[in-house]
Amino acid sequence: MTKYIFTTGGVISSLGKGIASASIGKILESRGLKVALMKLDPYINVDPGKMNPYQHGEVYVTEDGAETDLDLGHYERFTNTETTKFSNATTGQVYNTVIARERRGDYLGKTIQVIPHITNEIKDRIRKAAHASKAEVMIVEVGGTVGDIESLPFLEAARQFRLEVGYRNALYVHLTLVPYLRCAEEIKTKPTQHSVGKLREIGIQPDILICRTEKALSEDVKDKISLFCNVSKGAVIEARDAESIYQIPLVFREQGLDKIILNHFGLKCRSGDLKDWGERVVERVLRPRHKVTVAVVGIYLGLQDASKSIYESLVHAGMCNDAKVVIKKVDSEDIEKHGAAGLLSDVAGVLVPGGFGYRGIEGKVAAIRYARENKIPFLGLCLGMQCAVVEFARNACGLKGANSTEFNKNTKYPIISLLEEQKDVKNMGGTMRLGAYPCRVKKGSLAYRTYKRSMISERHRHRYEFNNIYRDLLEKKGIIFSGVYPKKGLVEIIEIKKHPYFIAVQFHPEFKSKPDRPHPLFREFIKSALDRERKIKK
Ligand code: GLN
């Protein structure tokens with residue numbers, strides 16, 4: 001029988017519920033359990049695919065091609081679980097399903113209500129996710145903050161869940177903030193009391209509290225939280241601000257969070273430890289011997305982390321190269337205004353990430369030209385590859401004005417364009433090339449030396465493709481098409497000759513990098529950037 005853990009958050013948003021949930025997954029995995037994680041998102045959008053990444057953060061793409069919340073990226077980076085389309089459910093999806101059923105007449109004219117129809121659909125989705133993953137422990141992260149109107153149906157479904165599966169088979173973990181008031185020099189528990197109070201109003205008594213705090217929690221503070229929140233003292237877990245998110249599983253483990261959970265579920269597991277994680281991940285991320293600065297050239301709007309997985313992949317690549325990777329975020333519109341040289345002369349590598357729309361494109365193209373001509377290690381991802389091809393066509397092949405038809409429909413040289421079969425697609429949601437596709441890697445190429453394999457599989461999220469009409473011409477001028485999707489002959493990887501590291505890919509390798517298994521493309525990019533840094537210093 002699957003056991004269920006629900007993680008909720010109180011007091012404020014951005015407490016790191018995703019990382020806490022992923023860390024719980026990690027410590028349970030270390031005890032030999034098969035875990036799976038899912039996220040319930042209270043917003044009404046049907047999926048994050050069409051949400052603005054500069055507001056909402058990155059769209060994380062699963063193997064099976066679902067466009068999901070960025071927390072799923074944390075789940076995959078911390079644990080061995082593979083997320084799928086079942087791992088994310090939004091209010092929009094839930095209502096969509098229920099309303100479609102109503103339209104079909106499936107409810108036989110009954111009045112459709114939040115309870116039970118919406119809550120039943122939410123519970124169904126949780127069960128489906130558990131079933132599909134065959135997990136022993138299913139961790140369900142409830143998005144939003146307790147007290148939000150939007151979260152109520154999800155919390156109600158979580159409350160009902162325990163009734164169905166039995167007390168011992170469901171567990172509620174609440175993440176809360178315990179602020180330190182500098183002027184009073186005091187840690188305050190009242191916000192936690194209130195947010196637990198709010199949860200209890202809806203019928204959920206948390207079993208475990210994870211307290212985000214700047215300062216250590218004294219025994220007195222823990223006693224107080226325990227008494228007022230009705231949670232046993234041992235289950236009041238301190239989560240002090242850490243230097244690296246990858247320390248969190250160790251922090252939980254030290255306080256016996258795994259034992260508390262296993263006891264509640266009555267599970268007997270192997271003892272297990274996180275020694276490997278501690279040595280191979282945490283030690284390396286905290287104490288690197290070298291340092292290297294690379295530029296990520298994108299459009300930087302708002303605060304949200306639109307390139308979360310890319311930044312994490314760079315951290316991972318740093319770890320295996322024993323280096324701290326300093327990321328210089330360069331706004332491609334600044335490059336358009338001031339030129340590439342001034343903004344990129346101090347970096348040892350240039351990365352151009354994915355994106356949509358014309359804004360900042362010319363700056364990205366200029367950055368790539370600068371990296372190509374000055375032999376600076378370059379990694380292009382998705383739109384980054386498309387810009388690399390445009391740059392090469394324009395500046396190395398004399399195809400003046402070459403472009404992607406995404407940016408100029410009437411370009412004389414549509415070097416990136418839609419496939420014929422895509423041209424009638426009108427609906428913007430979920431109509432891209434999404435999810436995992438196989439790619440054949442050319443022997444002897446940089447890609448082959450990097451992956452050390454001739455067949456790979458990577459995740460996609462894009463509409464436009466390299467236009468094969470231009471293949472011969474570009475090849476003659478020095479581009480190597482080193483990766484192709486065999487079934488359709490679509491270009492997946494390009495590289496250029498006589499350059500220390502210049503590679504660009506149509507897919508998104510960042511979704512598959514893990515701290516203990518860095519992605520080879522990022523690993524070699526940072527390695528090459530370090531070589532350059534050393535040479536410059538000499
Ligand atoms: N806008 C480009 C396309 O649709 C690239 C997408 C991306 O970088 N994810 O093909």
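Order of appearance sets the numbers: ligands from 1, and atoms from 1 within every ligand. FYI, side chains are in, hydrogens and waters are out, and symmetry mates aren't considered; it's all heavy atoms of this structure.
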Looking only at protein heavy atoms, which one is nearest to atom 8 (O) of ligand 1, and how far off is it?
G355 N, 2.9 Å
Please determine whether the number of non-hydrogen atoms from other residues, nucleotides or ligands lying under 6.0 Å from atom NZ of K324 exceeds 12.
no
List ligand 1 atoms under 4.0 Å from G354, heavy atoms only on the residue side.
8 (O)
Is the number of heavy atoms from other residues, nucleotides or ligands under 6.0 Å of R394 CZ greater than 12?
yes
Of H519, R77, E510, which is the lone residue that meets side-chain hydrogen bond (donor to acceptor under 3.5 Å, both in side chains) with S309?
R77
Identify, for atom 1 (N) of ligand 1, the protein heavy atom at the shortest distance, and state residue, atom and that distance.
E406 OE1, 2.7 Å
For the pair T83 (side chain) and L37 (backbone), establish whether a donor and an acceptor sit closer than 3.5 Å, ignoring hydrogens and angles.
no
Take every heavy atom of E465, measure it against each atom of ligand 1, and state whether any distance is under 4.0 Å.
no
Relative to atom 9 (N) of ligand 1, which among H462, R463, R461, Q506 owns the nearest non-hydrogen atom?
R461
For K477, I'd like to know if atom NZ has over 12 heavy atoms of other residues, nucleotides or ligands within 6.0 Å.
no
Below 3.5 Å, N or O to N or O, backbone or side chain included: is there any such pair between L383 and ligand 1?
yes
Between T7 and S21, what is the shortest heavy-atom contact and its length?
OG1-OG, 2.9 Å
Taking only non-hydrogen atoms of H508 and a 4.0 Å limit, the atoms of ligand 1 in range are 9 (N)
Can you pull out the closest protein heavy atom to atom 7 (C) of ligand 1? Residue, atom name and distance to 0.1 Å, please.
C382 SG, 3.0 Å
